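This report concerns only the one structure given below.
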Amino acid sequence: MKISESDLIINPDGSIYHLNLLPGDIADTVITVGDPDRVGEVSKYFDKIEFKKGKREFITHTGYLGKKRVTVLSTGIGTDNIDIVFNELDALVNVDFETREIKKELTSINIIRVGTSGAVQPDIPMGTILASSYGLGMDALMNYYLQKLSGDEQILMDDIKAHFGHLKNINPYLTAASETLLNTIGKDMAKGITITAPGFYAPQGRIVRAKNAVPDFIDLINSFKSNQHRITNLEMETAGIYALAKVLGHNAISVNAILASRVNFEFSKEPNKIVEQAIKMVLERI
């Protein structure tokens with residue numbers, strides 16, 4: 001079936017609408033970062049940079065690590081941007097832009113988020129590099145997509161709903177990381193459930209001036225337990241990345257540089273150093 005011009009917008013130069021990329025511009029391995037300035041902090045380690053492109057907050061560098069082609073792309077903040085980035089990345093590899101039809105043979109790419117996060121458990125110190133075993137979304141993104149849970153995801157989701165069921169107007173969603181990427185990129189890293197919030201302040205339990213509708217939010221999330229699973233950290237993209245990757249048939253993992261301890265009310269004095277460590281660990285393992 002042909003995809004309409006309003007459903008999939010292609011620029012006059014043949015590039016996808018927001019990302020400004022052409023089919024063939026992205027590698028089979030894509031590293032996503034939130035901050036556009038962080039793209040260069042990843043690509044500076046490439047042996048060769050093939051090209052640099054950018055539009056709005058979406059900056060892309062594609063190049064080579066040895067003989068391996070790699071793309072690094074900035075998403076901006078939040079799952080609303082993840083919705084744009086992941087649908088457009090998928091279209092670049094799985095839609096024929098000439099015919100506007102889905103390709104008969106679909107391509108699955110590996111997507112690795114390298115981002116910052118705050119720990120909600122007292123035994124996870126600042127400076128930890130943590131791989132998200134699951135993404136738990138407190139935002140509304142997956143209200144708009146059909147999602148099938150695995151047996152393990154459903155069991156864990158039932159416990160999550162029981163724990164958070166008293167929260168009004170929040171419909172959480174859950175997706176596991178790619179097992180392959182968790183065992184390769186995430187090997188030897190601390191692991192846990194990552195909560196994705198729809199904001200930075202009250203949605204992550206911060207209090208500045210406005211009154212929070214969910215009191216003691218950090219205590220609520222760090223007290224959750226389901227067998228060996230616990231919630232370890234908070235950020236703003238992982239759950240959307242995991243859910244859309246699964247819906248679209250891609251593999252995803254989120255690697256978190258822990259810059260804050262939410263239970264100890266501390267923030268790292270060397271955040272850039274921790275992020276750099278996370279970048280190097282990922283590049284050594286892809």
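These numbers come from a predicted model, not from an experiment.
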Counting N and O atoms only, with roles assigned by atom type, does the side chain of [X] sit under 3.5 Å from a partner on the main chain of [Y], one being a donor and the other an acceptor?
{"X": "R262", "Y": "Q204", "result": "yes"}
{"X": "T232", "Y": "I193", "result": "yes"}
{"X": "S178", "Y": "N251", "result": "no"}
{"X": "Q121", "Y": "N233", "result": "no"}
{"X": "N94", "Y": "L106", "result": "no"}

A quick test of your reading: do over 12 heavy atoms of other residues, nucleotides or ligands sit less than 6.0 Å from [atom1] of [X]?
{"X": "E179", "atom1": "CD", "value": "no"}
{"X": "I218", "atom1": "CD1", "value": "yes"}
{"X": "I102", "atom1": "CD1", "value": "no"}
{"X": "F51", "atom1": "CZ", "value": "yes"}

Run the side-chain contact (heavy atoms from CB on, under 4.5 Å) test against [X] and tell me which residues pass, sequence neighbours left out.
{"X": "N171", "value": "N143"}
{"X": "S15", "value": "N11, D13, N20, L22"}
{"X": "P203", "value": "A197, P198"}
{"X": "V247", "value": "M142"}

Suppose we screen for side-chain hydrogen bond (donor to acceptor under 3.5 Å, both in side chains). Which residues come up paired with T71, at least two apart in sequence or across chains?
T62
Full working for side-chain contact (heavy atoms from CB on, under 4.5 Å) between V72 and F46
CA-CA 10 Å; V72 56; F46 289 2; 4.1 Å; yes
Nearest-0.5 Å distance, CG of residue D37 to OG of residue S74
9.0 Å
Which pairs with one or both residues in [range] pass salt bridge (Lys or Arg N to Asp or Glu O under 4.0 Å), sequence neighbours excluded?
{"range": "residues 39-58", "result": "D25-K53, E41-K44, K44-E276, E50-R69"}
{"range": "residues 93-120", "result": "R113-E235, R113-E237"}
{"range": "residues 125-148", "result": "none"}

Decide yes or no for [X] and [Y]: does some side-chain heavy atom of the first lie under 4.5 Å from some side-chain heavy atom of the second?
{"X": "V255", "Y": "I129", "answer": "yes"}
{"X": "F58", "Y": "I84", "answer": "yes"}
{"X": "P172", "Y": "M157", "answer": "yes"}
{"X": "T116", "Y": "V275", "answer": "yes"}
{"X": "I16", "Y": "F97", "answer": "yes"}
{"X": "D83", "Y": "Y144", "answer": "no"}
{"X": "L248", "Y": "L89", "answer": "no"}

Applying ring-ring contact (aromatic ring centres under 6.0 Å, His included) as the test, list every pair that has at least one member in residues 155-178; sequence neighbours left out.
H163-F224
For H229, all residues meeting ring pair (Phe, Tyr, Trp, His ring centres under 6.0 Å), sequence neighbours excluded
Y134
Check the pair I77 / D35 against side-chain contact (heavy atoms from CB on, under 4.5 Å), numbers first and verdict last.
CA-CA 8 Å; I77 298 174; D35 184 354; over 6 Å; no
List the steps, then state whether side-chain contact (heavy atoms from CB on, under 4.5 Å) holds for Y242 with I253.
CA-CA 7 Å; Y242 282 13; I253 188 171; 3.9 Å; yes
Mind listing the closest non-hydrogen atom pair of [X] and [Y] along with its distance?
{"X": "A177", "Y": "S132", "result": "CB-O, 3.3 Å"}
{"X": "V85", "Y": "L73", "result": "CG1-CD2, 3.6 Å"}
{"X": "A119", "Y": "I124", "result": "CB-O, 3.6 Å"}

Validation: residues 277-286 side-chain donor-acceptor distances under 3.5 Å, sequence neighbours left out:
residue, atom, partner, partner atom, Å
R285, NH1, I185, O, 3.0
R285, NH1, K187, O, 2.5

Which other residues belong to the hydrophobic cluster containing Y64, where Ile, Leu, Val, Met, Phe, Trp and Tyr are joined when side-chain heavy atoms lie under 4.5 Å apart, directly or via other members?
none
